[in-house]
Number of protein chains: 2
Amino acid sequence: MPSSRTCAATRESQDSALSSEDYDAFHQQLRARYATLPPRLKQIADAVLASPDDVALGTVSSLAAIARVQPSTVVRFARTFDLNGFSEMQAIFRDRIRSRSISYGERVNALHAADGSPASASALLDGFYEAALASLQAMHHHMDRTRLDEAITRLAQARRIYILGLRRSMPVARYLSYLFTKMEISHRIIGLESGMEDEAMLSAGPEDAAIVISFTVYAKRTIELFRALEKRHVPIVAVTDSPASPVIPSSGLWLEVMEADFMGFRSNAATMALVMTLATAVAERRE
Amino acid sequence: MPSSRTCAATRESQDSALSSEDYDAFHQQLRARYATLPPRLKQIADAVLASPDDVALGTVSSLAAIARVQPSTVVRFARTFDLNGFSEMQAIFRDRIRSRSISYGERVNALHAADGSPASASALLDGFYEAALASLQAMHHHMDRTRLDEAITRLAQARRIYILGLRRSMPVARYLSYLFTKMEISHRIIGLESGMEDEAMLSAGPEDAAIVISFTVYAKRTIELFRALEKRHVPIVAVTDSPASPVIPSSGLWLEVMEADFMGFRSNAATMALVMTLATAVAERRE
DNA sequence: CTCCTTATAGAACGAATATTCTATTTATTG
DNA sequence: CAATAAATAGAATATTCGTTCTATAAGGAG
């Protein structure tokens, strides 16, 4: 073999094939053999898994420094996986970066895939991505920080927190419940287990609190339960999308979240982020 | 100046700063001066604008080949833009790739390393906002569009779609179920109603399909149910965070989603957006 | 039309990097 | 416990790659 540097040859032979498959194959092998790897090679495996971009963009020395091993060990590592050397391994990681970002032309083609056919998956992803992004940014920008603090204070003082969110808002309610459970905050979801909600609310009172999550078109059941809570003088924090919303409590304590929608489906990214904030803030306030 | 190779020095001086700003500045200057550029340099400008990844990942020669000019012309091109050489230009493009894939740890550190005191509600909101944003962007950028299409095809062909997602992923699973219900797509959640999952899965077979959503630390129950599905030869689409994930199906059909976490709580914004894409795309495919 | 400036191409140079080789240390087996 | 095999570290080697230099061509100004 006249040349030991196989990098160029490898890249040339692969440039036509889109190969994130090679990457997957490599990772699969890595996972399979990880347990039986010698200590130094294991260090490298960790580094490779942790920051694949450093493999793609860096050098033998840089990766060796990250993994705290000798450069030659990095080469040995590559050889262990049926590769001719570091360069060949790096080519796999570089091809992956290349295959991920599709060219602009392809994306445009995908969008108006002609023949009036349905929007491509890629276009849908773009749409939902944009909707989530816009919702998040709007929420983050418009959120009234003072009211947010008030809401947290109110919730932190509560004996038990009732969560109300149906239909679209149901996953958010359930996630909030999950968070409260992990943080050992006394709470209860209402409206989801049919028939039991009235009974569950019988114990709710002024020393408790409730989070009501609802967006247009406000579910009838949500409004009913909201009114029942108000009648029992339960302090309420509303998360909703308009000052004219039917679930704004008499205390005026509500947080505005406007979720964008795409193809008729509303994002919930902003509400999720807000709910996480509420949960962690309440937990911290209580210590 | 003893050494003309400024690459190393440049990278060292920039490694702490997040610099897609440099990239933006470069592009701005490129657009401004494009019209007045000599013919060969214009060729290079075209190539650079068309495939920035090739600048980041390739060599002087490879870029020269793409632009159909001499390597030295590429260097001249870089010098024209107040850079010391090709390497410095390449560094800008590489930093961009790096900054796109979460340098998330630093951002979080900046948040609550400001002072030892407990984070304010506002800071928490910022944190969860950033986490969601980073997750969304990373997912959108890294998603393998080809695999996404494959996944949708697989799901669209299924008689019934089984949904598996526990713990953190439970809200996503439930939301997906909600979407499928609205779209009248036959489906079933498994693993959530205790004890019933085995029974529910008895009817699952090769003509069905399953979506498995799981992230580190992969819930034991999820892995068990995943294996049961595989044993029954149910085609599986996995949504997970690593090529080394235990829920990657034998078919290799999986979608990568890396959710950033803040304060120990992982975002689910990216997964939500992806799940919406899957649901609407499957519905559209079936018409 | 000639001179001068700018642009380009190709070759030569120098630096950095990947790879290989050998000595030494660390496990593993009889 | 000894002996062999494997793993590791560090230095030496070879090649690729970025840069610079010089000759040639093209375009403008006087």
Side-chain angles (χ1 to χ4, degrees), chain A residues 1-13 15 33-48 54-94, chain B residues 1-12 33-48 54-94:
Chain A
M1 199 184 288
S3 164
S4 53
R5 198 77 175 299
T6 55
C7 168
T10 302
R11 196 182 298 158
E12 254 178 310
S13 68
D15 64 354
R33 294 181 44 194
Y34 180 84
T36 67
L37 242 39
R40 289 300 126 100
L41 299 191
K42 207 173 280 189
Q43 279 173 242
I44 299 174
D46 291 335
V48 164
D54 285 326
V55 180
L57 264 29
T59 68
V60 173
S61 312
S62 69
L63 182 57
I66 292 172
R68 313 223 166 211
V69 298
Q70 289 292 318
S72 58
T73 310
V74 174
V75 178
R76 268 196 311 119
F77 176 82
R79 296 206 105 111
T80 306
F81 290 93
D82 296 325
L83 302 170
N84 282 324
F86 172 77
S87 297
E88 199 163 317
M89 180 170 86
Q90 191 176 47
I92 292 175
F93 281 76
R94 292 187 165 185
Chain B
M1 200 185 288
S3 164
S4 53
R5 198 74 173 303
T6 54
C7 166
T10 302
R11 198 182 296 157
E12 253 178 310
R33 293 182 44 195
Y34 180 84
T36 66
L37 244 37
R40 290 299 128 101
L41 299 192
K42 206 173 279 190
Q43 279 174 241
I44 298 174
D46 290 335
V48 164
D54 285 326
V55 180
L57 265 27
T59 68
V60 173
S61 312
S62 68
L63 182 57
I66 292 171
R68 313 225 168 210
V69 298
Q70 289 292 319
S72 58
T73 310
V74 174
V75 176
R76 269 195 311 118
F77 176 81
R79 296 206 104 113
T80 305
F81 290 92
D82 295 325
L83 302 171
N84 282 325
F86 171 76
S87 297
E88 199 162 317
M89 181 171 84
Q90 191 176 47
I92 292 175
F93 282 76
R94 290 188 167 186

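Proteins get letters first, then strands, A, B, ... in listed order; numbering begins at 1 in each. Owing to the predicted nature of the structure, the values given are computational and were not obtained by experimental measurement.
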Study note, to complete from the structure: Separation of C/dA7 atom P from B/Leu37 atom CG, nearest Å, is 9 Å
Practice item. Grab the NZ-P distance between A/Lys42 and D/dT8 for me, whole Å please. Key: 11 Å
Check your understanding: Whole Å only: how far is the CG atom of B/Leu41 from the P atom of D/dG27?
Key -> 14 Å
Review point. Which value, rounded to the nearest 0.5 Å, describes the distance between A/Phe77 atom CZ and A/Leu83 atom CG?
Key: 9.0 Å
**Study point:** Under 4.0 angstrom between B/Thr73 side-chain N/O and C/dA7 OP1 or OP2
**Key:** no
Revision key, fill the gap. Taken to the nearest whole Å, CD/B/Gln43 to C1'/C/dA9 is 13 Å
Exercise for review: Mind calculating the distance between CZ (A/Arg68) and P (D/dA7) to the nearest angstrom?
Suggested key: 24 Å
Review point. Quick one: which of C/dA9, C/dA18, D/dC17 gets closest to the side chain of B/Thr59?
Key: D/dC17
Revision key, fill the gap. Separation of C/dA18 atom P from A/Gln90 atom CD, nearest Å, is 7 Å
Check your understanding: Where do A/Thr80 and A/Arg33 land on the side chain to side chain contact (heavy atoms under 4.5 Å, CB included) test, with the steps shown first?
Key -> CA-CA 10 Å; A/Thr80 306; A/Arg33 294 181 44 194; 2.6 Å; yes
Check your understanding: More than 12 heavy atoms of other residues, nucleotides or ligands under 6.0 Å from CZ of A/Arg68: is that the case?
Key -> no
Study note, to complete from the structure: Looking only at heavy atoms, the pair that brings B/Leu37 and B/Lys42 closest together is O-CE, 3.4 Å
Check your understanding: Do A/Ser72 and D/dG10 share a donor-acceptor pair, side chain to base, under 3.5 Å?
Key -> yes
Practice item. Provide, to the nearest angstrom, the distance between the CZ atom belonging to B/Arg79 and the C1' atom belonging to C/dT8. Key: 16 Å
Exercise for review: With rounding to the nearest 0.5 Å, note down the distance linking CZ in A/Phe93 to CG in A/Asp54.
Suggested key: 10.5 Å
Exercise for review: For the side chain of B/Arg76, starting at C-beta, report the closest nucleotide among C/dA7, D/dT8, D/dT19.
Suggested key: C/dA7
Check your understanding: Among C/dA18, D/dT19, D/dT8, which nucleotide sits nearest the side chain of A/Phe86?
Key -> C/dA18
**Study point:** Short side-chain N/O contact to D/dT8 OP1/OP2 from A/Gln70, under 4.0 Å
**Key:** no
Point to revise | Length of the CZ-P vector between A/Arg40 and C/dT26, whole Å | key: 10 Å
